[in-house]
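So the structure is just underneath, and the comments pick up after that.
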There are 2 protein chains.
Amino acid sequence: MTQTSAPANEASQEALPRQHRHYSIGELARMFEVTPRTIRFYEQEGLLAPYREGQKRIYREKDRVRLKLTLRGKRLGFSLAEIREVVTMYDAMPDGNARQLWRLLEILAEKRDNLERQLEDIRLMRKEIDDVDQRARQVLRGLGQEA
Amino acid sequence: MTQTSAPANEASQEALPRQHRHYSIGELARMFEVTPRTIRFYEQEGLLAPYREGQKRIYREKDRVRLKLTLRGKRLGFSLAEIREVVTMYDAMPDGNARQLWRLLEILAEKRDNLERQLEDIRLMRKEIDDVDQRARQVLRGLGQEA
DNA sequence: CAAGCACTTTACGTTAACGTAAACCTCGTT
DNA sequence: AACGAGGTTTACGTTAACGTAAAGTGCTTG
């Protein structure tokens, strides 16, 4: 959120063959406009788990989706730790014990609350911005400059 | 967003005399559930400007509002630097020159875009969460546990 | 075969946003 | 007079999320 360049929400689709099925780290990095370093870091943090072909990392569709979700979470202000918690629990779901599943539901409810609060914040901030905008335009009109 | 305790959106209103007109740092800190350290830090970063009574900082209504807006901005992932940029330009508005005002409008548009992207992100993430939730409940039902 | 990519690992550096600790003042009480 | 509750300054510490640099590997292309 610090960058001024207003990055896109999702990957630059590149409208490429959806059947690629696997990607190099560089491809993925370009897709989502992040550096390879970031992707490696996410792996180290347990968010991605590409397989190797010799030395090189190979990412499949699943990894791409995870990266997408991770970045989305980040844009919403979630920490990598929080994101990992949900993501890994999701993966452990089918054979997860009841305790874990209840915990998961708990976390999800928490996240949902979080989103609701953000929605409210956005509503309020939008209004603030509109107000400031109005005032600025008014001052500009006072200066003879049409806004 | 890292805290698990799901803090409230706004100040705990305490339903107190609105005519207080000024607050100590401790009062403000309790109101917004932050530490005094945080408030002093925001001052140092040019976001707050309380006056002094001897040694002590005294905050007026205006400072309280600024703090509120600052924290809201933070919840939406804006950096203190970004927040300061808007806030200080806002204050300089009445006598601001045209260049500055245009710049302000520019920034506001940027922020608005940001919010729109966040709205979309929230929409998407909500759906993801609901999906995971459904799947988890389903597995739980399979285990004989009613969700 | 040299050059140039794209990738790898290791490791130290950086920034934002505070936390934490120490040492001090200044009240109003006890 | 001693104390505790709140405030103050100064300054070093911490964490997350990468950035950046160095040094090496492996392919393929002029």
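Below, chains carry the letters A, B, ... as their sequence lines are ordered, and counting in each starts from 1. All values derive from a computational prediction rather than experimental measurement.
Between the CD atom of B:E53 and the C1' atom of C:dT26 there is a distance of 14 Å, rounded to whole Å. Rounded to an integer number of Å, the gap from CZ of B:R57 to P of C:dC25 is 17 Å.
Using a cutoff of 4.0 Å between basic side-chain nitrogens and carboxylate oxygens, B:D130 and B:K127 are not scored as salt-bridged. A:R117 has no carboxylate O lying under 4.0 Å from a charged side-chain N of A:D121, or vice versa, which leaves the two without a salt bridge. Using a 4.0 Å cut-off between a side-chain N of Lys or Arg and a carboxylate O of Asp or Glu, A:R57 and A:D63 do not qualify as a salt bridge. Look at A:R123 and A:E120 and you find a salt bridge, because one of the NZ, NE, NH1 or NH2 atoms lies within 4.0 Å of a carboxylate O, short of that distance. Using a cutoff of 4.0 Å between basic side-chain nitrogens and carboxylate oxygens, A:E116 and B:R126 are scored as salt-bridged.
For the residue pair A:E61 / A:Y23, a side-chain donor-acceptor distance below 3.5 Å is found, with atom types taken as modelled.
For A:R37 and C:dT9, the shortest distance from a side-chain N or O to OP1 or OP2 is not below 4.0 Å.
Residue-level contact check: B:R40 touches the bases, meaning some heavy atom is under 4.0 Å from a base atom.
Between chain A and DNA chain D, the heavy-atom contact criterion of under 4.0 Å yields a 5' to 3' nucleotide range of D:dA17 to D:dT20.
Position along DNA chain D of the nearest nucleotide to B:S24 versus A:L80 favours B:S24 as the more 5'-ward residue.
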